[in-house]
Amino acid sequence: MNRDLRPAASMLQIFLYSEPVDFRNSYPRLAAIVAQELGGDPFDGILYAFTNRQRNKIKLLMWEDNGFVLYYKALAEEKFRWPRPEDEVMPLTGEQINWLLDGYDISLMKGHRKLHYEASF
């Protein structure tokens, strides 16, 4: 399976918009949501993730040098397991956005807690 068009797992800044959006809208309206509702700059190179009300489609928006990149995925039968964050926007890692695209519930995927020990000899 070729996943070259997916966001890189190493991407540092990705934000998931928690509310569903009208998918008849394209990049101008999604950029306006970033600016007006999230207070962000749609031209800053950050990747923003949006879904529709049925949760069976996802759009990713990012400014790249001289134009917008719009990634669109529509599921044939299932739904995306969209997290319900407390805030309007939720930060994600590159790995998490790919898990979401694969159908995993990223709100349940928590790794082991990190432990920090110091030797006291």
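Quick note: residue numbers are just sequence positions, from 1.
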**Message:** Quick check: is L16 connected to V69 through a chain of hydrophobic side chains (ILVMFWY, heavy atoms under 4.5 Å apart)?
**Reply:** no
**Message:** Return the CD1 to CD distance between I46 and Q13, rounded to the nearest 0.5 Å.
**Reply:** 4.0 Å
**Item:** Rounded distance [0.5 Å steps], CH2 in W63 versus CG in L61
**Value:** 10.0 Å
**Request:** Report the C-alpha separation of L100 and I58 in whole Å, then their side-chain angles, then the decisive distance to 0.1 Å, and conclude whether the side-chain contact (heavy atoms from CB on, under 4.5 Å) test is met.
**Result:** CA-CA 10 Å; L100 182 67; I58 191 170; 3.9 Å; yes
**Item:** Steps toward side-chain contact (heavy atoms from CB on, under 4.5 Å) verdict (F50, V34)
**Value:** CA-CA 10 Å; F50 302 90; V34 170; 4.0 Å; yes
**Prompt:** How are the rings of F43 and F68 set relative to one another: parallel (under 30°), tilted (30 to 60°) or perpendicular (over 60°)?
**Reply:** tilted
**Asked** Ignoring hydrogens and geometry, is there a side-chain-to-backbone donor-acceptor pair from R55 to F80 under 3.5 Å?
**Response** no
**Message:** I need the minimum non-hydrogen distance between Q54 and K79, along with the two atoms involved.
**Reply:** O-NZ, 3.1 Å
**Asked** Is atom OH of Y71 surrounded by more than 12 heavy atoms (other residues, nucleotides or ligands) closer than 6.0 Å?
**Response** yes
**Asked** How long is the gap from NZ on K59 to CZ on R29, to the nearest 0.5 Å?
**Response** 12.0 Å
**Message:** If you count heavy atoms of other groups shown closer than 6.0 angstrom to CZ of R53, is the number above 12?
**Reply:** no
**Item:** Name of the residue among L30, T51, N52 meeting side-chain contact (heavy atoms from CB on, under 4.5 Å) with V21
**Value:** L30
**Item:** Residue pair P7 / N98: nearest heavy atoms and the distance that separates them
**Value:** O-ND2, 2.9 Å
**Request:** Examine distances only and state if a side-chain atom of W82 and a backbone atom of Y17 form a donor-acceptor pair shorter than 3.5 Å.
**Result:** yes
**Asked** For the side chain of D102 and the backbone of Y104, is there at least one donor-acceptor N/O pair under 3.5 Å apart?
**Response** no
**Request:** Please report the closest heavy-atom contact between D41 and Y48, naming both atoms and the distance.
**Result:** O-OH, 4.2 Å
**Asked** Between I97 and L92, what is the shortest heavy-atom contact and its length?
**Response** CD1-CD1, 3.8 Å
**Ionic contact status for K73 with E78, cut-off 4.0 Å** = no
